[in-house]
Amino acid sequence: SNGSITATGAERDMPGLMHIDNGAIGVFQNYGNISLHLGVEANKYGFYQGLHTQYGITGNISYYLSPHLSFTAYGTYYFGAPPIMNGGLPVTPGIVGYYQRSTFGGYMNYRINDRSGILVGGQAVQQTGTNKYQFEPVVTPYFKVGKVVIGLPVGQILNGIVREQADRRRSSKHRQVPPPKR
């Protein structure tokens with residue numbers, strides 16, 4: 001009565017770009033104020049001149065302090081190297097954007113009422129094609145319309161803008177032409 005086992009499957013077809021199949025199996029369990037999920041998943045990417053299968057493990061644990069406040073820690077780790085095309089070439093940027101990446105983090109969920117709330121925390125996201133991780137803040141206000149929850153990842157959007165501006169400033173300093181000699 002306090003747990004379940006689930007299996008899911010999905011497929012996405014993007015004509016001219018790729019086809020993605022996804023399957024996952026998970027175990028959910030509640031222990032009073034603690035909720036736990038552990039699972040495995042497989043993603044298969046089929047694209048022009050390539051086929052790649054990715055396997056991963058995932059989990060999260062949540063602690064409900066009150067009906068309006070909870071804390072969650074989560075992680076997903078994918079095994080193996082990023083996909084490559086025939087001949088050892090890296091996949092195109094259009095394809096790599098759909099490729100799942102390892103992510104670890106946590107957040108606080110403050111439910112303002114039955115229809116709205118905010119997530120605040122942080123996560124480390126693996127950079128595509130490397131073993132390096134980059135920190136991203138999590139600040140996501142959300143609201144519920146019927147059974148659908150809609151959230152806006154303000155923290156990640158602002159983080160992207162700030163990083164882009166910092167990169168532009170760094171690159172412009174390196175490109176400055178020295179003054180002419182007299």
Side-chain angles (χ1 to χ4, degrees), residues 1-14 18-46 51-83 95-157 159:
S1 64
N2 290 333
S4 64
I5 297 174
T6 61
T8 61
E11 66 176 294
R12 289 188 285 173
D13 194 23
M14 295 166 262
M18 66 190 314
H19 182 86
I20 302 172
D21 292 316
N22 171 271
I25 298 173
V27 176
F28 296 89
Q29 185 65 49
N30 292 319
Y31 302 100
N33 290 346
I34 297 175
S35 176
L36 178 67
H37 167 255
L38 296 172
V40 295
E41 65 179 68
N43 303 306
K44 185 171 80 173
Y45 306 88
L51 178 67
H52 185 81
T53 303
Q54 175 187 51
Y55 300 99
I57 57 173
T58 186
N60 68 49
I61 185 167
S62 297
Y63 177 71
Y64 298 90
L65 194 61
S66 74
H68 292 282
L69 184 63
S70 66
F71 298 94
T72 299
Y74 61 89
T76 302
Y77 180 78
Y78 292 101
F79 301 96
I95 291 173
V96 85
Y98 289 98
Y99 194 73
Q100 297 295 315
R101 301 179 292 168
S102 297
T103 306
F104 302 93
Y107 58 85
M108 174 193 72
N109 181 1
Y110 177 67
R111 277 190 21 203
I112 298 166
N113 55 39
D114 289 340
R115 297 200 175 269
S116 63
I118 188 166
L119 307 177
V120 178
Q123 65 181 6
V125 179
Q126 183 180 19
Q127 300 306 293
T128 304
T130 71
N131 287 328
K132 295 180 182 178
Y133 287 79
Q134 189 171 45
F135 175 79
E136 294 180 352
V138 173
V139 179
T140 307
Y142 64 88
F143 60 95
K144 193 173 181 181
V145 179
K147 293 184 178 183
V148 178
V149 177
I150 300 169
L152 181 64
V154 176
Q156 285 123 324
I157 292 170
N159 181 56

Before you tell me yes or no, could you show the steps for Met108 and Leu119 under side-chain contact (heavy atoms from CB on, under 4.5 Å), namely the whole-Å CA-CA distance, both residues' side-chain angles and the distance that decides it to 0.1 Å? CA-CA 6 Å; Met108 174 193 72; Leu119 307 177; over 6 Å; no
Run the side-chain contact (heavy atoms from CB on, under 4.5 Å) check on Leu38 and Thr58 step by step: do they pass? CA-CA 6 Å; Leu38 296 172; Thr58 186; over 6 Å; no
Tyr99/His52 under ring-ring contact (aromatic ring centres under 6.0 Å, His included): CA gap, chis, key distance, verdict: CA-CA 10 Å; Tyr99 194 73; His52 185 81; 5.6 Å; yes
List the steps, then state whether side-chain contact (heavy atoms from CB on, under 4.5 Å) holds for Gln123 with Phe104. CA-CA 5 Å; Gln123 65 181 6; Phe104 302 93; over 6 Å; no
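With a 6.0 Å radius and a threshold of 12 heavy atoms from other residues, nucleotides or ligands, Asn131 has its CG atom at or below the threshold. Heavy-atom contacts from other residues, nucleotides or ligands closer than 6.0 Å to CG of Asp114 number 12 or fewer. Residue Tyr31 places its OH atom among 12 or fewer non-hydrogen atoms of other residues, nucleotides or ligands, all under 6.0 Å distant. Around the CD1 atom of Ile112, the shell of radius 6.0 Å holds more than 12 heavy atoms that belong to other residues, nucleotides or ligands. Heavy-atom neighbours of Ile5 CD1 from other residues, nucleotides or ligands within 6.0 Å: at or below the threshold of 12.
By the 4.5 Å heavy-atom criterion applied to side chains, Asn43 and Thr53 are not counted as neighbours. When side chains are defined from C-beta on, His37 does not count as touching Val27, because their heavy atoms never get closer than 4.5 Å. Between Ser35 and Phe28 there is no side-chain heavy-atom pair separated by less than 4.5 Å. The closest side-chain heavy-atom distance from Ile118 to Val139 is below 4.5 Å. Contact annotation: the side chain of Arg101 never approaches that of Tyr133 to less than 4.5 Å [non-hydrogen atoms, C-beta and beyond]. When side chains are defined from C-beta on, Met18 counts as touching Ile20, because their heavy atoms get closer than 4.5 Å. At least one side-chain heavy atom of Pro141 sits less than 4.5 Å from a side-chain heavy atom of Val154. Within the 4.5 Å cutoff, the side chain of Asn109 has no heavy atoms near those of the Tyr64 side chain.
Side-chain contact check for Gln54 and Tyr45: at least one donor-acceptor pair (N or O, by modelled atom type) lies under 3.5 Å. With hydrogens and angles left out, the side-chain atoms of Gln126 and Tyr78 include no donor and acceptor closer than 3.5 Å.
Between the Gln127 side chain and the Val125 main chain, a donor and an acceptor come within less than 3.5 Å of each other. Remark: the backbone N or O of Gly32 is not paired with any side-chain donor or acceptor of Asn30 at under 3.5 angstrom. When atom types are taken as modelled, the side chain of Gln29 and the backbone of Asn2 share a donor-acceptor pair closer than 3.5 angstrom.
Contact between Pro153 and Thr140 at its shortest, heavy atoms only, is CA-OG1, 3.7 Å. Between Ala24 and Glu41, the shortest heavy-atom distance links the atoms CB-CB, 3.9 Å. The heavy-atom pair separating Asn113 from His68 by the smallest distance is CA-CE1, 4.5 Å. Across Thr130 and Lys132, no two heavy atoms sit closer than the pair OG1-N, 3.1 Å. Nearest heavy atoms, Tyr142 versus Tyr110: OH-O, 4.1 Å. Of all non-hydrogen atoms in Lys144 and Lys147, the two that sit nearest each other are CE-CA, 4.3 Å.
Atom CD of Glu11 is separated from atom CG of Asn22 by 11.0 Å, given to the nearest 0.5 angstrom. Once rounded to the nearest 0.5 Å, the distance linking OG of Ser70 with CG of Asn33 reads 10.5 Å. To the nearest 0.5 Å, atoms CD1 (Ile25) and OG1 (Thr6) are separated by 8.5 Å.
Aromatic pair Phe79/Tyr77: centroids less than 6.0 angstrom apart.
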